[in-house]
Amino acid sequence: MSSSPERFSGLASLSEAKAQGRPIVAITAYDFPTAQIVDEAGVDVVFVGDSVGTNVLGYATEREVTLDDICHHLRAVRRGVARALILADLPYQTYETPDDAVANARRLVADGADLVKLEGGREQLEKVRALVAAGIPVCGHIGFTPQTLFVPGQKGRVQGRLRAGAEALLADARALEEAGAVALVLELVPEALGGLISRALRLPTIGIGAGRECDGQVLIVHDVVGFSPRTLRLARSYGEARAQMAAALQTYAREVRE
Ligand code: KIV
């Protein structure tokens, strides 16, 4: 996948990219300088995801992330992004009812989100419809859904390996599109299923650990630049930011002491 120099000027760009067979490049960012760098690198969509909890805030799970946490990081990212679309997560338990979903998503939009993401399939349709009716663009998220499935210390498990699970995910994807979602994250599903779902839908799919046949890919920025201490199966590292930062700081400390 190559980064696109074209400006992602609005939500229509997402479906246009799919229609033109142009892969969508997405990545997370949680702060102002990183937002500037990813935007200038030509990324199409910047995710202010609840992955901020485990990657930046030192929480054990995404479940600890609050709406205030997301809004705080979202405002910083908004200040750094000039061209990409910004997607923000509705954190765990902030969309228990359609009214909650709309009220909390309005805060995300006010703080700079172009679209909001919630996890789950057919059980979330009422909320997706309420958000769409309120004029708030929605991205779905199915497959491995960290808010409910993540267990600290354990690797995420691939979803939809068996026929029944795969059929359920396809039905979820179709229902979310029907309810008005404009994009869909597929996390940790087999490559063939990622391709099948992507071909079955008009909306673009954005995969993370879902194979090469999705309409786009998203990764955690810390994994991409090599800032995370971990190596995930689903994430490819393109840099050594952690090692470079440690070396720079050790040199600084040594020079001061000398
Ligand atoms: O929390 C997040 O950042 C996400 C994406 C990585 C899919 O949900």
Side-chain angles (χ1 to χ4, degrees), residues 1 14 23-31 34-35 38 43-67 69-74 76-77 81 84-95 104-105 108 112-121 124 137-150 152 155-159 169 172-173 176 181-189 194 197-198 203-211 214-225 227-228 230 232-237:
M1 182 185 297
L14 284 175
I24 296 164
V25 185
I27 196 158
T28 65
Y30 316 106
D31 60 61
T34 310
V38 301
V43 159
D44 301 316
V45 189
V46 181
F47 280 44
V48 185
D50 56 11
S51 51
V52 67
T54 49
N55 285 283
V56 172
L57 299 174
Y59 295 163
T61 75
E62 279 82 350
R63 277 194 281 279
E64 292 173 58
V65 175
T66 65
L67 190 66
D69 287 333
I70 294 282
C71 286
H72 177 72
H73 290 273
L74 172 59
V77 168
V81 167
L85 288 173
I86 299 182
L87 174 152
D89 267 355
L90 276 164
Y92 183 57
Q93 288 187 332
T94 63
Y95 49 101
N104 292 325
L108 297 178
D114 296 304
L115 67 165
V116 304
K117 175 163 78 60
L118 50 73
E119 294 185 3
Q124 304 294 16
V138 185
C139 177
H141 183 157
I142 59 172
F144 184 80
T145 46
Q147 288 178 9
T148 45
L149 298 180
F150 178 73
K155 288 198 169 147
R157 293 178 85 163
V158 176
Q159 306 292 302
L169 287 173
D172 283 338
L176 288 164
V182 296
L184 178 63
V185 167
L186 296 176
E187 179 161 352
L188 280 181
V189 301
I197 293 176
S198 303
L203 63 71
T205 59
I206 302 181
I208 174 162
C214 295
D215 302 307
Q217 301 290 334
V218 61
L219 283 176
I220 306 281
V221 68
H222 293 72
D223 295 331
V224 172
V225 301
F227 191 60
S228 308
R230 64 183 180 205
L232 289 183
R233 207 167 10 117
L234 58 77
R236 198 185 296 174
S237 173

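Whatever order the structure lists them in is the order used to number ligands and atoms, beginning at 1. Since the model is a prediction, treat every value here as computed from it, not as a measurement. Positions are given from 1 along the sequence.
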Pairing residues for [X] by the side-chain hydrogen bond (donor to acceptor under 3.5 Å, both in side chains) criterion, not counting sequence neighbours:
X	result
Thr61	none
Tyr95	Gln147
Thr54	none

Less than 3.5 Å apart, N/O on ligand 1 and N/O on the protein: could you list those pairs with the distances?
residue: ligand 1; atom: 1 (O); partner: Asp50; partner atom: N; Å: 3.2
residue: ligand 1; atom: 1 (O); partner: Asp50; partner atom: OD1; Å: 3.0
residue: ligand 1; atom: 1 (O); partner: Ser51; partner atom: N; Å: 3.0
residue: ligand 1; atom: 1 (O); partner: Ser51; partner atom: OG; Å: 3.2
residue: ligand 1; atom: 1 (O); partner: Asp89; partner atom: OD2; Å: 3.2
residue: ligand 1; atom: 3 (O); partner: Ser51; partner atom: OG; Å: 2.5
residue: ligand 1; atom: 8 (O); partner: Lys117; partner atom: NZ; Å: 2.8

Margin query: In terms of relative ring orientation, are Phe227 and His222 parallel, tilted or perpendicular, with 30° and 60° separating the classes?
Written below: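 The arrangement is tilted - the two ring planes meet at 30° to 60°.
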Item checked: Qualifying residue, where the test is side chain to side chain contact (heavy atoms under 4.5 Å, CB included) with Ile208 and the options are Val189, Leu188, Thr28, Val218 -> Val218
Next item on the list: Dump the intermediate steps for side chain to side chain contact (heavy atoms under 4.5 Å, CB included) on Thr205 and Asp215, then the final yes or no.
Entry: CA-CA 5 Å; Thr205 59; Asp215 302 307; 3.2 Å; yes
